[in-house]
Number of protein chains: 2
Amino acid sequence: MSNTETASSNTLLAITQLRDLIFSGRLGAGTDHLEGELAERLGMSRTPVREALLRLECQGLVEVRRRKGVRITPFTPKDMAEVYDVLTELEGLAAARAAARNLSDDDLAPMVQAIADMEAAVAVCNRDDWAAADDIFHCELVRLGGNDRISMITQIMADQMRRARLVILYIRPAPMHSSKEHRKLVDAIRAGDADLAKQIQRQHRTVAKGLLLELLERHHLSVL
Amino acid sequence: MSNTETASSNTLLAITQLRDLIFSGRLGAGTDHLEGELAERLGMSRTPVREALLRLECQGLVEVRRRKGVRITPFTPKDMAEVYDVLTELEGLAAARAAARNLSDDDLAPMVQAIADMEAAVAVCNRDDWAAADDIFHCELVRLGGNDRISMITQIMADQMRRARLVILYIRPAPMHSSKEHRKLVDAIRAGDADLAKQIQRQHRTVAKGLLLELLERHHLSVL
DNA sequence: ACTGGTTCTAATGTATGCGTAAAATTCAGC
DNA sequence: GCTGAATTTTACGCATACATTAGAACCAGT
């Protein structure tokens, strides 16, 4: 036990490490892996690995198959469309609800900060930082919506498309104008205009869906 | 092994049995239970019970707590509101998508049948049968929407409110007019009117939310 | 009697071994 | 050479034993 950050349990550690392996592509989409192999790779026994895999299965990241090992769930353009459709609806509602809550500037501060971070990242062409700030923005948005189930679902959707998003992040045009939309959304929420907030967020996701699907098709990325 | 329906695996069997125990209230909302107790109760070892509990946790039915056993997740009016808000959005989209798909009468047959079953159940005042047919109706609706993620999410939401629904089923007014709405929805889908279909379904869920929340409050059902 | 620390207990977290069933291989028969 | 049945392999499902640790109980000192 040389490592100090023992995540408090091997199962949690396995979840973290497996997520890393999946998101980074070291466990490729559609590939099969045995519990035993993964356990050895993570330096622990099968039990915590198995529990971690069950949890990841619930989140749609792997598929546990009877005696064929676990398959890293592939992600196709159809999946991308599904995810964006769900996000459009749920984040749209979250935006409306947030607007209806008369939030203070303190409440909105994290979103404002995330926008600033995105702009800073765009200014120096750092797409990873932009993506991280974008994540925080959307996470904060649904949090302010006040519906924990929506937060949970959008988190899962974000994870499911993480690999695809990483690829797209570097082939898409730089997200120059997106922070303008984000600002408008924050303004609408601050002004308490629920309909406008919902409309802006829906538009944001709908446009993004079209853009990303087109990119995937153009680059023949049929599975990620 | 006198039982013929061995569900093919103890873990699956544990999931089924635990769901029954939870939905029937024999494992009461908010109560704590030890893995060992549950294992003994189900006549198997801790391992499959533990795996079943992990899966149920992902579905929000139980909470596995650090060394304090598992808690049967309570369900409050706030949860009910959250669930209905999610259903309003996602089923609304599913209805619109179904309408946009030019479905054949064969495709719509299960929904039509479910409506007939609901009416038959109402005619003989059998609320359980009505609820079962209603489940099928909504399940079919989202299935025809064609978004597997929405199907999965609505299934989970339905399970989460199953206990509450069971209680409400017998204190709510008889669902006399609901099949009229359902028919209108099917007509809109058949006619390919996506906007109307969405509107009808959203209205359906929104009204139901108000009705149920009012009932919960009136009967002082703050946790189920 | 109260507080601080220690010990003890018990429930979970993890490792391990075995039985089982599905897949792969081999071999017999055609 | 091919097909299909028997055998072998092997990966998982599950049981069991052990380690760990949170919380309870207890004890000593004031």
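So that the names make sense, note that chain A is the first sequence line, chain B the second, and so on, each numbered from 1.
Across the protein-nucleic acid pair, B/R71 atom CZ and C/dT12 atom C1' stand 16 Å apart, rounded to whole Å. Here C/dT14 presents its C1' atom at 13 Å from CG of A/L13, a figure rounded to the nearest Å. One atom, CG of A/L34, and another, P of C/dA24, lie 12 Å apart when rounded to the nearest Å. Rounded to whole Å, the distance from CD on B/E57 to P on C/dG13 is 10 Å. Rounded to an integer number of Å, the gap from A/E40 CD to D/dT10 P is 15 Å. Atom pair B/K68:NZ and D/dA22:C1' shows a separation of 9 Å (rounding to whole Å applied). In this structure, A/R67 atom CZ and C/dA24 atom P are separated by 13 Å, rounded to whole Å. D/dC12 atom P lies 16 Å from atom CG of B/L12, rounded to whole Å.
Comment: B/R127 does not engage B/D134 in a salt bridge, judged by the lack of any side-chain N to carboxylate O separation of less than 4.0 angstrom.
Under a 3.5 Å cut-off, the side chain of A/D129 and the backbone N or O of A/N126 do not form any donor-acceptor pair.
Nearest to the side chain of A/N10, among D/dA15, C/dT14, D/dA22, sits C/dT14. You'll find that the side chain of A/S45 is closest to C/dT14, out of C/dT14, C/dT20, C/dA23.
Within 6.0 Å of atom CZ in B/R66, 12 or fewer heavy atoms from other residues, nucleotides or ligands are found, so the atom counts as exposed in its surroundings.
Residues A/R163 and A/L224 come closest through the heavy atom pair NH2-O, 2.9 Å.
Ring pair A/H182/A/F137 is tilted by interplanar angle, where 30° to 60° counts as tilted.
Residue A/R50 is classed as a sugar-phosphate contact, given heavy-atom separations below 4.0 Å to backbone atoms only. Across all strands, B/R46 comes closer than 4.0 Å to base atoms (heavy-atom distances).
The phosphate of C/dT14 has OP1 or OP2 within less than 4.0 Å of a side-chain N or O from A/T11.
In terms of position along DNA chain C, the nucleotide closest to B/R65 lies nearer the 5' end than the nucleotide closest to the other residue of the pair A/G43 and B/R65.
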